[in-house]
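Inspection log for the structure reproduced underneath, given as structure tokens.
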Amino acid sequence: MSVEAGHAAHPPVAHQSSRVDARTLGMFLFIASEVMLFGSFFTAYFFVRVVNHQPWPPSPFHLPVFVAFVNTCILVTSSFTMHWALQSIKRGNRAGMQAGLTLTFLMGVTFLLTQLLEYARIGFTPHDQAFGTIFFCLTGLHGAHVFVGLTILAAMTTRAFRGHFSPEAHNGVEIGGIYWHFVDVMWIVVFTTVYIL
Amino acid sequence: MIGIQYVVTTIFFFLAAGLLAMLMRAELARPGMQFVGNQVFNELFSVHAALMIFLFIIPAFAGLGNFVIPLMIGAPDMAFPRLNALSFWLLPMAGLMMLSSFFVPGFGCGWTGYAPLCSTHQELGAVFFNMGVQWAGASSIMTALNFLVTIITMRAPGMTFWRMPLLVWANFTTSLLVVIATPFIAGSQFMTMFDHVMHTNFFNYEAHGYVLGYQHIFWFYSHPAVYIMMLPGFGIASEVISTFARKPIFGYRLMALSLMAILVLGFSVWAHHMFVSGMAPWLRVPMMVTSVVIAVPTGIKVFSWLATLWEGKLSFRTPMLFALGFVSMFVIGGLSGIYLAAVPIDIDVSDTYFVVAHIHYVLFGGSLFTIFAGIYYWFPKMTGRMYNEQLGKLHFWLTFIGFNATFFPMHYLGIQGMPRRVSDYAPRFADLNFFISIASFFLGASTLVFLYNMIVSWARGEPAPANPWRAMTIEWQVSSPPPVFNFDEVPQVVGGPYEYGVPGARHAVFGDRVAEEEEVRSR
Amino acid sequence: MRRGVLVRLVAVGLAAAAVAFAVAFFVPWLPTSASKEGDRIDFVFWFVTVICIAIFALVVAVILYAVVRFRARPDDDSDGAPIHGHTGLEIAWTAVPAALVTAISVVSAVALAENDHLPKRHLRVNVTAQQFAWSFSYPKYKGLTVSQLRLPLNEAVELKMQSKDVIHSFWVPQFRQKQDVVPGITTRLVITPKRLGTFPVVCTELCGEGHALMRSEAIVMRPKAFAAWAKGQQQAAAKASQGVTGGGPGLAAFNTNGCSGCHTFKPAGSKATTGPDLDNLKVDAARAGKPLAAFVRESIADPNAYIEKGYQPGIMPTTFKSLPAQQLDALVQFLTAGKK
Ligand code: HEA
Ligand code: HEA
Ligand code: CUA
Ligand SMILES: [Cu+2]
């Protein structure tokens with residue numbers, strides 16, 4: 001290797017000491033901390049419901065379990081379309097990716113709108129006992145994550161239609177997808193604990 | 001360099017927080033009320049602690065790491081430079097929030113911000129505190145993520161995990177702690193904030209909220225946080241002691257493993273802050289056991305440092321003085337932690353000045369001493385200039401004496417019956433408090449020596465050689481200050497980081513020499 | 001390790017331990033214990049202290065010895081011995097601390113269990129905390145509520161504690177026992193006083209502006225004297241609330257709401273100094289330029305409307321505006337009686 005006068009203008013190429021891609025690893029770590037954020041709210045839920053014996057839901061309130069179930073199905077399906085989009089671009093099927101992403105995005109929007117509609121008609125507010133507080137904060141926290149996920153999805157979809165991504169370079173789809181799957185799994189947990197148990 | 005910006009910014013917050021402490025000590029110099037009202041006093045210690053913890057100790061370690069870690073592992077920069085800049089700029093925001101809680105007014109519920117005092121009985125300032133913590137927390141999560149990715153994916157060739165300097169290990173474990181624990185304090189601050197602003201019922205017992213829930217969630221972060229504030233210091237101490245004793249770290253692997261052990265145990269002890277809180281009584285004994293067990297891995301570290309000194313060639317430069325001061329002071333702080341962890345004793349001395357003494361022995365004698373050690377140690381590398389050794393030593397001795405005079409008598413006050421967080425106290429504590437206040441002004445003044453030394457040396461110090469300490473880790477193998485991208489070429493790591501006294505041993509080699517070296521080895 | 005080294009090391013260690021022991025035993029660290037629970041806690045305290053002194057002396061000895069013995073000469077650039085570790089030593093300093101902390105845990109757990117134990121025969125006291133005053137009531141002597149805790153000697157007491165607003169904490173340093181008082185739950189504490197005397201009751205949990213002022217007293221009396229006091233107070237309170245004598249229902253309200261915890265007022269027999277002396281209300285009202293009754297009423301319902309000179313705003317609770325009207329009237333009447 002040559003030793004030139006003065007210092008390099010570009011960073012030397014960093015040695016890649018792990019097979020994991022840096023951004024994917026970053027996303028996984030970020031998700032770990034997100035899980036813990038949810039964890040803190042679940043802890044509050046645990047204390048109010050289990051330790052403090054708050055009836056769930058306390059009369060006269062009702063939880064719209066059926067609507068939430070339908071919503072769950074929508075969100076779970078969107079995970080599959082997300083997966084399909086990624087598989088398509090890996091195989092070089094650009095149309096498949098575009099369709100997959102669009103579908104995912106639309107289902108996400110549907111989920112969020114349904115959720116908002118439910119909020120309006122649900123019959124209690126965050127002020128109605130600790131129950132109301134916890135319900136709205138857990139579902140709301142998740143809703144906020146859906147919103148972030150949708151923003152990422154929108155960016156991905158736009159790029160997909162602009163001709164970005166290829167079988168070799170599909171990292172963008174993969175990382176955004178991981179986040180979407182996380183949002184999805186988190187909902188299943190929220191749904192189970194808040195609505196069903 | 002973001003690392004240097006970090007250090008400078010956090011030192012500013014240290015001075016601000018220290019000045020608040022001086023005001024507090026002025027008020028406490030005599031019983032009765034002198035300068036400030038009760039509420040203002042409460043705000044003083046709340047903001048003092050909040051700034052020290054969230055805007056000084058935690059980010060100062062992050063800043064030192066930011067500068068040193070990439071150099072140590074042979075990486076040109078952090079993995080995500082823009083994220084790094086973002087985490088830095090969140091800090092001034094957070095600091096502004098905390099400081100302005102004086103003027104808003106009304107954050108007087110301690111840095112712990114217990115509900116329902118903080119969630120419903122305080123003015124707007126409490127919300128500023130909530131938000132300040134969020135910004136600082138977001139910043140430290142992003143930095144930690146960056147550290148982890150950098151350490152995992154960007155190590156130089158040959159830099160296996162068992163060849164990493166212990167500071168890298170320490171930052172690695174600390175970052176894991178941050179990523180996992182910090183979201184909990186974010187959660188707890190969201191909840192109090194919602195209770196405050198939107199009148200939700202997380203901690204409103206009249207609506208089935210659960211008051212103690214706050215403490216559980218808060219301490220589930222804030223106990224690990226005390227290790228977030230200590231493990232990087234352990235790392236710095238290891239670097240400094242090994243270099244100035246000119247010996248390999250004794251029991252290197254066990255040192256790294258005990259960091260991991262502290263990480264894991266740290267998550268299982270949070271309720272030792274709640275022994276008198278009224279939580280489920282059965283939780284106390286298990287939490288006591290896990291708490292005292294942490295003495296074992298911590299003891300391994302202490303004894304290994306001592307063994308590293310043994311038969312070394314010690315040279316007492318300023319970083320070494322601070323490192324040795326750290327070992328002795330931290331042991332006192334750790335041992336008073338053992339008193340606190342023993343439930344019956346804690347029931348007596350919880351929430352008294354005994355705890356205040358513990359806090360300062362571990363945080364000042366522990367974290368701050370190692371930060372000073374780190375700043376002096378890497379000052380030549382960061383600025384390209386040497387600091388003034390005489391002034392450095394003077395700073396150490398003034399600090400060491402002032403620190404003990406200020407904080408050791410607090411143990412006695414606490415046991416005798418003086419509670420913490422009070423602006424007024426029984427007349428029989430007057431003399432000792434007066435002494436403590438005088439000592440604390442002395443301690444504060446010692447900081448002036450440090451500031452003078454740093455500023456003057458940075459401007460006019462002697463130019464520093466690349467490796468003034470004859471250390472082995474990679475950051476000393478490049479020029480002082482390092483090239484723009486740390487290295488002109490990525491080094492090749494060929495051995496452990498502390499092979500002092502081993503004939504012919506190298507930690508890392510550059511460029512052409514790599515080939516030679518390998519040839520030598522194969523012969 | 002050579003013998004000579006070991007001997008010198010031990011000598012330094014013993015010297016350090018001697019200094020530490022001197023500090024530990026010649027400074028009167030612990031205030032004299034006044035309860036059975038306190039004695040057990042003191043035992044744990046000294047147990048831990050002995051262990052800690054040993055460890056501290058060891059650490060200091062090694063540091064001092066190394067500082068003196070292994071200092072590099074100014075011209076010596078050589079390295080130390082390349083020692084990387086020693087398995088035996090490493091095992092030792094893992095195992096020994098582990099054993100020591102186990103001992104500490106066991107001793108602590110035993111003391112804790114004994115301290116939590118409540119004998120069948122005991123006195124129960126209900127403690128109510130509010131910003132920023134204590135009040136104590138005795139279910140055994142119905143209607144007896146006071147702002148100073150009085151306890152009989154050598155009888156176990158169970159304190160049942162509740163808070164009206166935020167978290168407070170009950171502590172008597174001489175009893176060594178402490179317990180937070182948390183809104184929404186009832187916490188408990190067991191104390192068996194074993195020494196006569198008057199001890200400070202301290203609130204140790206930050207509870208707002210007046211936290212530093214939230215103080216009271218615990219008075220340990222001989223059982224006979226205690227019983228006599230309690231009966232006397234009970235009868236006085238009963239008579240008062242029926243309006244037979246003295247203050248009438250006002251006195252009862254004055255005691256149950258914690259007023260006597262902060263104010264000196266002769267008719268109520270209280271001598272606290274957190275708030276102004278209410279025997280001087282007439283003068284104070286004149287100074288404030290208000291009619292006496294109106295002034296008193298305002299001072300109770302909205303304390304921050306007028307702040308008496310030398311006192312701070314925000315200390316007297318603002319919760320009294322929600323007192324039932326007749327209690328408020330009674331209080332005003334009680335406080336203004338005989339001052340016209
Ligand atoms: C850097 C920060 C730091 C560190 C490292 C520690 C370390 C420890 N702390 Fe501390 N602690 C705080 C910062 C820290 N603490 C703060 C800020 C508070 C107050 C919070 C507030 O309320 O505001 C607090 C409060 C606190 C409490 C609650 C007190 C109360 O409010 O009632 C307890 C109780 O158990 C405790 C215990 C411990 C223990 C067991 C350790 C252990 O990790 C110590 C281990 C170390 C040693 C023991 C020394 C070295 C070991 C040896 C030489 C081996 C041999 C030793 C033995 C055999 C004993 N701490
Ligand atoms: C890293 C953490 C850290 C550090 C370094 C310090 C440093 C100091 N602390 Fe602090 N402290 C805490 C963390 C820390 N503290 C915490 C967590 C609490 C608990 C809070 C709570 O209860 O919520 C606390 C509480 C606390 C209390 C108890 C308050 C109470 O309970 O009522 C006191 C009282 O004396 C105190 C004093 C001091 C002093 C005198 C210093 C000194 O060391 C400061 C020295 C520094 C300076 C003085 C600044 C720099 C100097 C200059 C700018 C020069 C000019 C100044 C002069 C010449 C005077 N601190
Ligand atoms: Cu009540 Cu402090
Ligand atoms: Cu802790």
Side-chain angles (χ1 to χ4, degrees), chain B residues 37-39 109-110 114 116-117 121 205 211-212 245-248 250-251 254 276-278 285 288-289 292-293 295-296 299-300 302-303 306-307 309-315 324 327-328 331 335 338-339 342-345 347-348 350-352 412 415-417 419 421-424 500-502, chain C residues 27 29-31 40-41 44-45 48 52 55-56 59-60 62-63 66 70-72 76 78-85 89-90 93-94 97-98 101 104-105 108-109 111-112 115 166-167 169 173 176-180 182-185 187 200 202 204-212 312 314:
Chain B
N38 279 313
Q39 179 66 19
C109 36
Y114 276 12
L117 179 66
H121 291 70
Y205 69 98
V211 173
L212 292 179
R246 308 216 60 73
K247 271 190 63 200
F250 194 95
L254 204 55
V276 297
S277 70
V285 169
M288 163 173 73
V289 174
V292 293
V293 164
V296 175
I300 292 178
V302 170
F303 296 127
L306 296 182
L309 296 177
W310 202 258
E311 309 236 300
K313 300 274 184 185
L314 313 188
S315 56
L324 292 182
V327 175
S328 48
V331 167
L335 292 177
I338 298 298
Y339 280 81
V343 185
I345 305 180
I347 288 177
D348 184 18
S350 177
D351 277 321
T352 67
Y412 179 78
I415 298 175
Q416 282 290 318
R421 296 173 167 174
V422 291
S423 49
D424 187 9
Y500 298 102
V502 182
Chain C
V27 177
W29 286 97
L30 293 162
R40 293 186 197 110
I41 291 178
V44 182
F45 186 90
V48 175
C52 286
I55 289 164
F56 182 67
V59 171
V60 169
V62 175
I63 291 184
F70 303 122
R71 175 187 292 270
D76 184 357
S78 65
D79 285 347
I83 309 167
H84 283 88
L89 262 182
E90 285 169 43
W93 66 48
T94 310
V101 296
I104 292 177
S105 303
S108 302
L112 184 66
N115 277 359
V166 299
I167 305 177
S169 192
R176 306 283 191 273
Q177 289 281 68
K178 176 183 291 121
Q179 176 60 57
D180 282 7
V182 185
I185 61 178
T187 53
V202 182
T204 57
E205 185 67 61
L206 178 63
C207 49
E209 270 197 78
H211 162 63
Q312 289 185 36

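Numbers restart at 1 for each chain; the letters A, B, ... are given by sequence-line order, proteins then strands. Values below: all heavy atoms of this structure, side chains included; hydrogens, waters and symmetry mates excluded.
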Legend entry - Distance (rounded to the nearest 0.5 Å) between B/L306 CG and C/W93 CH2: 7.5 Å
Legend entry - Lys/Arg-Asp/Glu bridge criterion (N-O < 4.0 Å) met for C/K178, B/D351: no
Inset, instruction - Please look at B/V289 and chain C and tell me whether the side chain, the backbone, both or neither of the residue comes under 4.5 angstrom of a heavy atom of that chain. - result: both
Inset, instruction - Could you tell me the separation between the CG atom of B/D348 and the CG atom of C/L30, rounded to the nearest 0.5 Å? - result: 7.5 Å
Legend entry - Parallel, tilted or perpendicular, as decided by the 30° and 60° cut-offs, for the rings of C/W29 and B/Y412: perpendicular
Legend entry - C/D79: side chain to side chain donor-acceptor pair (under 3.5 Å) partners, not counting sequence neighbours: B/R246
Inset, instruction - Show your reasoning for whether side chain to side chain contact (heavy atoms under 4.5 Å, CB included) applies to B/K247 and C/I83. - result: CA-CA 7 Å; B/K247 271 190 63 200; C/I83 309 167; 4.0 Å; yes
Legend entry - Close side-chain approach of C/E90 and B/F250, heavy atoms under 4.5 Å: yes
Inset, instruction - Using side chain to side chain contact (heavy atoms under 4.5 Å, CB included) as the criterion, list what pairs up with C/Q177, not counting sequence neighbours. - result: B/I347, C/E37, C/I41, C/N115, C/L189, C/I191
Inset, instruction - For each of B/V302, B/I300, B/V285, tally heavy-atom pairs with chain C at distances under 4.5 Å, and name the one with the top tally. - result: B/I300
Inset, instruction - Using non-hydrogen atoms and a 4.5 Å limit, figure out which bit of B/L335 sits close to chain C: side chain, backbone, both or neither. - result: both
Legend entry - From C/L112 atom CG to B/I345 atom CD1, the distance as rounded to the nearest 0.5 Å: 11.5 Å
Inset, instruction - Report yes if some heavy atom in the side chain of B/I415 is under 4.5 Å from a heavy atom in the side chain of C/P173; otherwise report no. - result: no
Legend entry - Segment of B/V502 engaging chain C (4.5 angstrom heavy-atom cut-off): both
Legend entry - Residue among C/G210, C/A212, C/P97 with most heavy-atom pairs under 4.5 Å to chain B: C/A212
